[in-house]
Amino acid sequence: MVLSWFRRLLHKPKPSSVESLKSSHSASSSPSSSSSSAKSSSSSPGTSLTSSSLSPVSAVDISASDSPRWDKSYDVCICHSEGDMELVEELVSYLEGQPESFRCFLQLRDAVAGNAVVTELCDAVRNSHCWVMLITPGFLQDPWCRYQMHQALAEAPMANGRTIPVLKDVDRKDYPRELWNIYYIYMALKEKSFRQIRDTVVRYLQELCRSSRKGTE
């Protein structure tokens, strides 16, 4: 049963045809308005983002055919260590199964064979709207995870909602200093954390759409 699910995940088509995705989403209903703001009431660095600190935002159709969402190949890139692959597969399956049909970059599935690791990691960051940093003990010891984290921070140094740190089995004191100015999600209950990640991605894409509309008015 598990093997069958894993095979389906690996063979999920890559989002190579943006036009087909746009046409399929434009015919669907607007995404849920239950997405949430990613700001906490606390002002100290490295603070966990909890459900109580989230506030609702008005619904915006992030899947409309003219949405700036389609300007990039992926909605979410998940930076993770090899030892956390099972959890990452569950998260990707959850996000891709949402009504918004998030396009996720999964290295095991989407990296191009024969390309340099550095090239693939940089392209994944550059071609994604949001980056989930799954910070675990394995992440902290993996130089490639650190490299990808630094690439994401260089891409969006002002932390405008694109970088989403998620702590699991890591003490707050070990939270990377480079991310101290960004609120993180602490993964205690997996389902709750997955929902927080989804809400944060939706919120960023909604803000992106709003900014795009204001720019054309």
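Here, residue 1 is the first one in the sequence, and each next residue gets the next number.
We find the CD-SG distance between Glu82 and Cys145 to be 10.0 Å, quoted to the nearest 0.5 Å. Here the straight-line distance linking atom CG of Leu91 with atom CG of Leu134 works out to 7.5 Å at 0.5 Å rounding. Interatomic distance, OG of Ser211 versus CD of Gln206, reported as 11.5 Å (0.5 Å rounding). To the nearest 0.5 Å, atoms OG (Ser73) and CG (Asn127) are separated by 4.5 Å. Between Arg203 atom CZ and Leu208 atom CG the span is 12.0 Å, to the nearest 0.5 Å. Here the straight-line distance linking atom CZ of Phe194 with atom OG of Ser93 works out to 9.0 Å at 0.5 Å rounding.
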- [ ] In sequence, state the C-alpha distance, the side-chain angles, and the governing distance for Gln148 and Cys122, and then conclude on side-chain contact (heavy atoms from CB on, under 4.5 Å).
- [x] CA-CA 7 Å; Gln148 198 169 31; Cys122 289; over 6 Å; no

Open item on the list: Determine whether Tyr186 and Ser193 satisfy the following criterion, side-chain contact (heavy atoms from CB on, under 4.5 Å), listing intermediate values before the conclusion.
Closed with: CA-CA 7 Å; Tyr186 187 80; Ser193 300; over 6 Å; no

Open item on the list: Applying side-chain contact (heavy atoms from CB on, under 4.5 Å) to Ile135 and Tyr184, what does each step give before you reach the verdict?
Closed with: CA-CA 10 Å; Ile135 303 173; Tyr184 62 78; over 6 Å; no

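Under a 4.5 Å side-chain heavy-atom criterion applied to ILVMFWY residues, the cluster that includes Leu189 comprises that residue alone.
Identified under the salt bridge (Lys or Arg N to Asp or Glu O under 4.0 Å) test for residues 121-141, with sequence neighbours left out: Asp123-Arg126. Residue pairs meeting the ring-ring contact (aromatic ring centres under 6.0 Å, His included) criterion with at least one member in residues 104-127, sequence neighbours excluded, are Tyr74-Phe105.
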Sequence neighbours left out, cut at 3.5 Å: what donor-acceptor pairs do the side chains of residues 152-166 make with other protein atoms?
residue: Arg162; atom: NE; partner: His129; partner atom: O; Å: 2.6
residue: Arg162; atom: NH2; partner: Ser128; partner atom: O; Å: 2.9
residue: Arg162; atom: NH2; partner: His129; partner atom: O; Å: 3.4

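Residues satisfying the side chain to side chain donor-acceptor pair (under 3.5 Å) test with Gln141, not counting sequence neighbours, are none. By the salt bridge (Lys or Arg N to Asp or Glu O under 4.0 Å) test, Asp84 is found to be paired with no residue, residues two or more places apart in sequence or in another chain being considered. Scored by the side-chain contact (heavy atoms from CB on, under 4.5 Å) test, Asp169 finds Pro137 as partners (sequence neighbours excluded). For the salt bridge (Lys or Arg N to Asp or Glu O under 4.0 Å) test, residues two or more places apart in sequence or in another chain that qualify with Glu178 are Arg146. Residues meeting the side chain to side chain donor-acceptor pair (under 3.5 Å) test with Glu120, sequence neighbours left out: Asn115.
Linking ILVMFWY side-chain heavy atoms closer than 4.5 Å, directly or via other members, places Leu121 and Leu108 in two distinct hydrophobic clusters. Ile78 and Tyr94 fall within a single hydrophobic cluster, where Ile, Leu, Val, Met, Phe, Trp and Tyr are joined by side-chain heavy atoms under 4.5 Å apart, directly or via other members.
In this model, a donor atom of one side chain and an acceptor atom of the other lie less than 3.5 Å apart for Arg69 and Ser63.
Under a cut-off of 6.0 angstrom, the local environment of CD in Gln151 is crowded, with over 12 non-hydrogen atoms contributed by other residues, nucleotides or ligands.
Of the candidates Arg109, Arg103, Arg198, Glu96 forms a salt bridge (charged side-chain N to carboxylate O under 4.0 Å, His left out) with just one, namely Arg109.
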